[in-house]
Amino acid sequence: MSPSQQSGKAAPNNDNQDTTRYTPAEIEARWQTVWDADAQLYAAEPHDCGKPKFYCLEMLPYPSGQLHMGHVRNYAIGDALARHMWMRGYNVLHPMGWDAFGLPAENAALKNNRQPEEWTLANIAAMRVQMQRMGLSYDWATEVTTCLPDYYRWNQWFFLKMYEKGLAYRKQSKVNWCPECATVLANEQVIDGCCWRHEDTLVEQRNLEQWFFRITQYADELLSGLDKLPGWPEKVRTMQRNWIGRSDGTLVDFTSESGETGVHVITVFTTRVDTIFGATSVQLAPEHAVTKAFAKEDKKLAAEVDAMLAQQKAAREAGDIGTIEKHGVFTGKYAINPFNGERVPIWVANYILADYGTGAIMSVPAHDERDFEFAQKYGLAIKRVIAKRGAAEQEDEKAQPALPFTEEDDAVLVDSGEFSGLDCVAAQKKMQTLAEQKKFGKANTTYRLKDWGVSRQRYWGTPIPMVYCETHGIVPVPEDELPVLLPKQVQITQQGGSPLANVPEFVNTTCPKCGGPAKRETDTMDTFVDSSWYFYRYIDAKNSERPFAKEKAAYWFPIDQYIGGVEHAILHLIYSRYWTKVMRDLGLTMNDEPATRLFTQGMVIRNGAKMSKSKGNVVSPDEMIARYGADATRMYALFAAPPDRDLEWQEDGVAGVSRFLSRVYRITMKFAPVVKSHYAKPQINAATPASQALLRKLHQTIAKITLDFSGRWHFNTCIAAIMELVNALMAAEGAMDSGEVPEQAVAEVFRNLILLLAPFAPFLAAELWQQTGHEGTVFRTAWPVADAELAAEDEIEIPVQVNGKLVNVVRVPAGSAEDVVKDAAMADAKVSARVEGKQIVKTVVVPGKLVNLVLK
RNA sequence: GCGGAAGUGGCGAAAUUGGCAGACGCACUAGCCUUAGGAGCUAGCGGAGCAAUCCAUGGGGGUUCAAGUCCCCCCUUCCGCACCA
């Protein structure tokens, strides 16, 4: 809308800019047009330009159609950093793309009768406009959209490469099924037994043939690599460590007594094989094969096991699995402990997890809290086999720590045959060796991490490039036939099973090996495949020969700074690390890890809760931008809290930032002619006290902000510092008017103010840069360098304390010697009144900091 | 239960190495201005007190000339993991 169209106000001359009034809508629209027309403005230079590089990356959004405040905050942080690094002379890559496959598009298709592709591409167009309106410095020439064939063909290409290397495989297995999504989910997508998208929908277990990526092959490297990522938050590293869940222990075979179904070998997994002489029972998961075999022989047992499973299911549905009481049933059978030949009862217990370890444990009540609790409940034997070192010889039980005693440091084995007297760790090694020699056990490492199930029974995803031939079985699609195109105009169903199965033209194909009839795989890939490597595509987005050129990756990777929400700590960030290692082993890249530094920003909350439609506390970025402008909106997102903390959105705060920008505009425009007449001949003129004070404030501000950009990122205090500088300018307005501040100094301060503002309020900075007569873009102008001499105070305030309490403040020349400071303190009337008649026991003078007089 | 982060005015917050607690902003109060604006300007704004002064960074101890900051114990909130053998 042009100003003259605005209702109710006769303002015929508004087209002639009012240079005292800040009008962000007008300024921002004008600069957006200029920037949109300049494809080179935010383009990185080629990889062989010889300049140091900086790859600044924000997590790509799902194109829902609407940016939310979390995005605004994420991108405001990344944009400030990218712009700053450009001004510091780096060759900056700052790209953006779209995580465009996924279920919401199918749901929207069903609801609105639109094709997922149409819906998705329209959303992308809308969100791109929102981003441009925000003034984000993305190079749109490198844009990546994961649902387009020129991207997803490389997902297929990687799939084939991984299949060749045995990293992609198909197997029948128990998988997580979300009835709401009507598809399988990866373990990482199941949270508290529910779907990650449908928090109230319980995930079912189904047995299906599925494609998996062998992420477990890299489990150890994914784990040890975390120690080499000091630039990642400790929290994320800890979460990944827990998720990988490495556990070193021992497998031991217990052999059951003979029954109708014969002798069974029960392999247990334990991390404390040193306690095995204290094992007083063997515990099986209800789902364990041996449990099933015993149940066949024993109807009563079968009924009890069924009840146990039913109880578990009910608890899981009620959401309180984990709080259910430990409970078990004796099978009536016994097993032999291979270490001492002891005969121990076999139980089935509800707390034994079928899918961890071997689904069977040895129970050592004396040295495990859960086993202790269980043994007490059922009256099972409790036998101490570990004692505190030094107390082991003492017969008296009272000399020993209470049971259960679970420590293994400073503890030794007792009553453990030939192993008695050994300390725990040494005993574990010896016992493993013995078990291996005698072939009833071995050392073993288990992981909580499971292989990544990537098959999805959905339409809107990357087709898996495999066919099934009647004679040749599973046959990969040849590389030169890629991409396997996702058919268009497909009827979306939510009946279970991929909608692609109902598209005969897609399904029916020929076998690449024999030319005979064959059927295509109709499942599509998990969308986390798309986002596992998208940031490699940015560096070579148009390459039709390869996913990306190796030499470009060698220059740009690893990412220097990755910025996003902590909600991706496990899913996306562990898959991305895995993919990088796979690509390295395929010879595509040199780096072991995708990103050197990771930053997880806090949530945007309002009224104490995360913004969400259901809570009705959502603030729309469009509305904020329309009301206050993009500069004020993004600057508020940086000003209201440090970026790693949660941010409480307060609209009055945005208004406050907007008022600040108005003041910047007003005073800069007022002195623009002065700046204009001096900018070409930069001179520092600190001749008068007034100009000296201004220049001092300026250089202190430059120093502060430059330091913060180097890592601390407390942009809230950076903006506060700029506000202080502007407050100083306003206070000096009269002095600048009167010429008390020389024009050169005025020009110097304003010129640098605009440079400091550029990363935070780019539209206003561009406008003022031009209005003050500067040519070229402010965003490629060198970042100012703080002059320590100009920044130095010549007189400083020294607080004087008596007995640690502040009494007064004295002014002394900066750099004064200790006794000068002390004398000044003693000369102060308030201080001397306190000291009067008392004895000074001690005088503490910290040069430049304070004086403390300790009186008796 | 385990792991992580945090707790400072009415609110968002600041205090980078232990050295003037509350910068900067919001809200509020009083006054000014009038092109009546979601504007601008001046002053005030942790608590108690007329004041001098005293009290105050979740609570309690400690170290120190000096503690929001370091150490010990406890409380609360948020986030993650949770029968992992």
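Just so it is clear, the structure is predicted and the values come from calculations on it, not from any experiment.
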Rounded distance in Å - CD (A/E623) to P (B/rG38): 16 Å

Could you please name the partner base of B/rU17, counting Watson-Crick and G-U wobble pairs only when both distances are under 3.5 Å? none

For A/D371 and A/E651, take the nucleotide of RNA chain B holding the closest heavy atom to each; which residue's nucleotide lies nearer the 5' end? A/E651

Quick one: look up who B/rC50 pairs with, Watson-Crick or G-U, both distances under 3.5 Å, and put none if it's unpaired. none

B/rA39, OP1 or OP2 - any side-chain N/O from A/R663 closer than 4.0 Å? no

In Watson-Crick or G-U wobble terms, with both distances under 3.5 Å, the base opposite B/rC81 is B/rG1

If you take atom types as modelled and just measure distance, does the side chain of A/N852 reach the base of B/rC65 with a donor-acceptor pair under 3.5 Å? yes

Does B/rA23 have OP1 or OP2 sitting under 4.0 Å from an N or O in the side chain of A/K697? no

Check the phosphate of B/rA14 against A/N716, side-chain N and O only, distance under 4.0 Å to OP1 or OP2. Yes or no? yes

Rounded to the nearest Å, what distance is computed from the NE2 atom of residue A/H714 to the C1' atom of nucleotide B/rA15? 11 Å

Counter-base of B/rG40, judged by Watson-Crick or G-U geometry with both distances under 3.5 Å: B/rC32

Can we call the ring centroids of A/F440 and A/F254 under 6.0 Å apart? no

SB check A/K704 A/E724 (cutoff 4.0 Å): no

Within the 4.0 Å heavy-atom criterion, would you say A/F639 contacts the bases, only the backbone, or no part of the nucleic acid? base

Where each residue is assigned the nucleotide of RNA chain B containing its nearest heavy atom, which of A/Q801 and A/R272 is assigned the position nearer the 5′ end? A/Q801

Are OP1 or OP2 of B/rA15 and a side-chain N or O of A/R712 less than 4.0 angstrom apart? yes

Can the ring centroids of A/Y351 and A/F374 be said to lie less than 6.0 angstrom from one another? yes

To the nearest angstrom, how far is A/L850 atom CG from B/rA67 atom C1'? 13 Å

Check: A/I276 main-chain N/O paired with A/N337 side-chain donor or acceptor under 3.5 Å: yes

Counting side-chain heavy atoms from C-beta on, which of B/rC20, B/rC65, B/rA85 comes nearest to A/L806? B/rC20

Is any N or O donor-acceptor pair between the side chain of A/K326 and the base of B/rC83 shorter than 3.5 Å? yes

Ring geometry between A/W713 and A/F599 (parallel below 30°, tilted from 30 to 60°, perpendicular above 60°): tilted

Output yes when at least one side-chain N/O atom of A/R237 is less than 4.0 Å from OP1 or OP2 of B/rG4, else no. no

Would you say B/rA27 has OP1 or OP2 under 4.0 Å from some side-chain N or O of A/R659? yes

Once you apply a heavy-atom cut-off of 4.0 Å, does A/A655 come out as touching a base, just sugar-phosphate, or nothing? nothing

Applying salt bridge (Lys or Arg N to Asp or Glu O under 4.0 Å) to A/R370 and A/E373, what does each step give before you reach the verdict? CA-CA 5 Å; A/R370 289 155 304 170; A/E373 189 190 327; over 6 Å; no

Watson-Crick or G-U counterpart of B/rA23, or none if no pair lies under 3.5 Å: none

Please determine whether a side-chain nitrogen or oxygen atom of A/S662 lies at a distance below 4.0 Å from atom OP1 or OP2 of B/rG40. no

With a 4.0 Å cut-off on heavy atoms, is A/L707 in touch with a base, just the backbone sugar-phosphate, or nothing at all? base

